[in-house]
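So the structure is just underneath, and the comments pick up after that.
Every chain is numbered from 1 and lettered A, B, ... according to where its sequence line falls, protein lines coming before strand lines. Here the structure is a predicted model, which means the values were calculated and not measured.
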Number of protein chains: 2
Amino acid sequence: MEKQHNLSKNQKIIFDLIDKSPEPLKAYSILFNVQKKGINAPLQVYRALDKLVEIGKIHKIESRNAFIACQNSSCQISKATAFSICESCEKVSEISNTKLSKYLSNFADESGMKYSKYNLEFFGLCKKCKSK
Amino acid sequence: MEKQHNLSKNQKIIFDLIDKSPEPLKAYSILFNVQKKGINAPLQVYRALDKLVEIGKIHKIESRNAFIACQNSSCQISKATAFSICESCEKVSEISNTKLSKYLSNFADESGMKYSKYNLEFFGLCKKCKSK
DNA sequence: TAACACTATGTAATAATATAACATTTACAA
DNA sequence: TTGTAAATGTTATATTATTACATAGTGTTA
Ligand SMILES: [Zn+2]
Ligand SMILES: [Zn+2]
Ligand SMILES: [Zn+2]
Ligand SMILES: [Zn+2]
């Protein structure tokens with residue numbers, strides 16, 4: 001059973017915006033978009049983002065400093081994320097591939113490190129951009 | 001045969017600093033450290049970093065906004081990078097694992113996307129920090 | 001040599017991303 | 001109702017990165 005998180009007011013406003021967006025959103029673009037709803041300061045945005053990331057409702061695309069809603073039913077795998085990023089049009093998608101996530105979640109090397117989390121970003125050209 | 005890159009003056013200064021460092025360095029920490037060598041402005045640092053990343057002498061740790069020297073003999077695989085990051089002591093190592101890099105380099109899914117590059121960051125506790 | 005293209009440098013200003021510090025309020029359980 | 005954790009509001013500031021413009025070096029070729 002998945003834990004239920006009742007989003008607070010700011011968290012809900014910001015999640016809804018990200019969830020509706022077809023592309024990853026940056027913090028200050030979010031701020032600009034929610035100012036009409038009474039969220040005035042960067043910190044209010046970053047606090048909501050932090051929480052939403054923590055509970056797996058959104059993910060941060062590290063190479064882009066942008067945030068995207070989880071596509072895997074409120075990510076049971078927020079500690080195991082993989083994305084594809086088109087370097088031409090900047091389209092970003094979350095990859096849900098059982099084999100891949102199993103392979104990486106079980107990955108171990110000789111370092112003696114215990115890995116509890118990973119983030120993977122693939123780059124390339126999407127179908128559309130390839131055919132241009 | 002690997003292409004030879006003759007580093008320019010600023011590139012060399014900045015590469016040497018990163019290469020000697022036991023930990024990833026941030027751009028402004030680099031700037032601070034090279035001011036005695038006549039590099040005065042952020043842009044001088046960022047330009048050198050961009051070039052060094054491009055030719056694979058260093059890598060950017062995206063989740064930390066920091067830079068580390070390539071550990072794989074001037075990375076033939078600067079387009080296929082993997083790191084382990086200790087969330088306690090922040091130790092970062094480059095992972096060289098042939099199976100892993102083969103697996104990821106050959107990864108394809110149904111999206112029709114052609115992946116030419118990836119970056120993977122594993123998080124966890126290093127040996128030292130685990131035993132505390 | 002001269003003309004050209006390309007890479008690198010220097011400098012100032014500014015943009016974009018993120019956090020610190022502090023005061024207050026809300027949710028909710030003991 | 002008292003305690004506590006989570007969330008909010010606000011101001012200021014820190015950190016990371018780029019724009020714009022001027023100049024200088026490097027190597028190639030006419
Ligand atoms: Zn997800
Ligand atoms: Zn595309
Ligand atoms: Zn490398
Ligand atoms: Zn450690």
### Query
Closest nucleotide of DNA chain D for Y28(A) versus for N40(A): which of these residues is on the 5' side?
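Nearest nucleotide further toward 5': that of N40(A).
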#### Entry: DNA chain D: 5'-proximal contact among S29(B) and Q11(A) (nearest heavy atom)
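The residue closer to the strand's 5' end, by nearest nucleotide, is Q11(A).
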Does the side chain of [X] get closer than 4.0 angstrom to OP1 or OP2 of [N] through an N or O atom?
X      : N      : answer
Q44(A) : dT8(D) : no
K51(B) : dT9(C) : no
K12(A) : dA7(D) : no
S8(B)  : dT7(C) : no
N10(A) : dA6(D) : no
K9(A)  : dA7(D) : no

Checking contacts here: which listed nucleotide ([options]) is nearest the side-chain heavy atoms of [X]?
X      : options                   : result
N65(A) : dT10(D), dT17(C), dA17(D) : dT17(C)
P42(B) : dA12(C), dA17(D), dT8(D)  : dA17(D)
A27(B) : dA7(D), dT18(D), dA17(D)  : dA17(D)
K26(A) : dC22(C), dG10(C), dT17(C) : dT17(C)

### Message
Using a strict threshold of under 4.0 Å (side-chain N to carboxylate O), is an ion pair present between D16(A) and K12(A)?
### Response
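Salt bridge flag = yes for D16(A) with K12(A).
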### Message
Can you tell whether the side chains of R64(B) and E90(B) come within less than 4.0 Å, N to carboxylate O?
### Response
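Yes, R64(B) and E90(B) are salt-bridged.
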Atom [atom1] of [X] to atom [atom2] of [N]: distance rounded to whole Å?
X      : N       : atom1 : atom2 : answer
D50(B) : dT9(C)  : CG    : C1'   : 14 Å
I30(A) : dT17(C) : CD1   : C1'   : 12 Å
F32(B) : dA14(D) : CZ    : P     : 16 Å
R64(B) : dT15(D) : CZ    : P     : 17 Å
R47(A) : dT17(C) : CZ    : P     : 20 Å
L25(A) : dT17(C) : CG    : P     : 12 Å
Y46(A) : dT8(D)  : OH    : P     : 17 Å
L43(A) : dT11(D) : CG    : C1'   : 10 Å

### Polar side-chain atom of K130(A) near backbone of G112(B) as donor-acceptor pair, under 3.5 Å
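Yes.
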### Task
Measure from the side-chain N and O atoms of N106(A) to the backbone N and O of K102(A), and report whether any donor-acceptor pair falls under 3.5 Å.
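Yes; judged by distance alone, with no hydrogens or angles, the pair exists.
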### Task
On the 0 to 90° scale, with breaks at 30° and 60°, tag the Y118(B)-F122(A) ring pair as parallel, tilted or perpendicular.
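Perpendicular.
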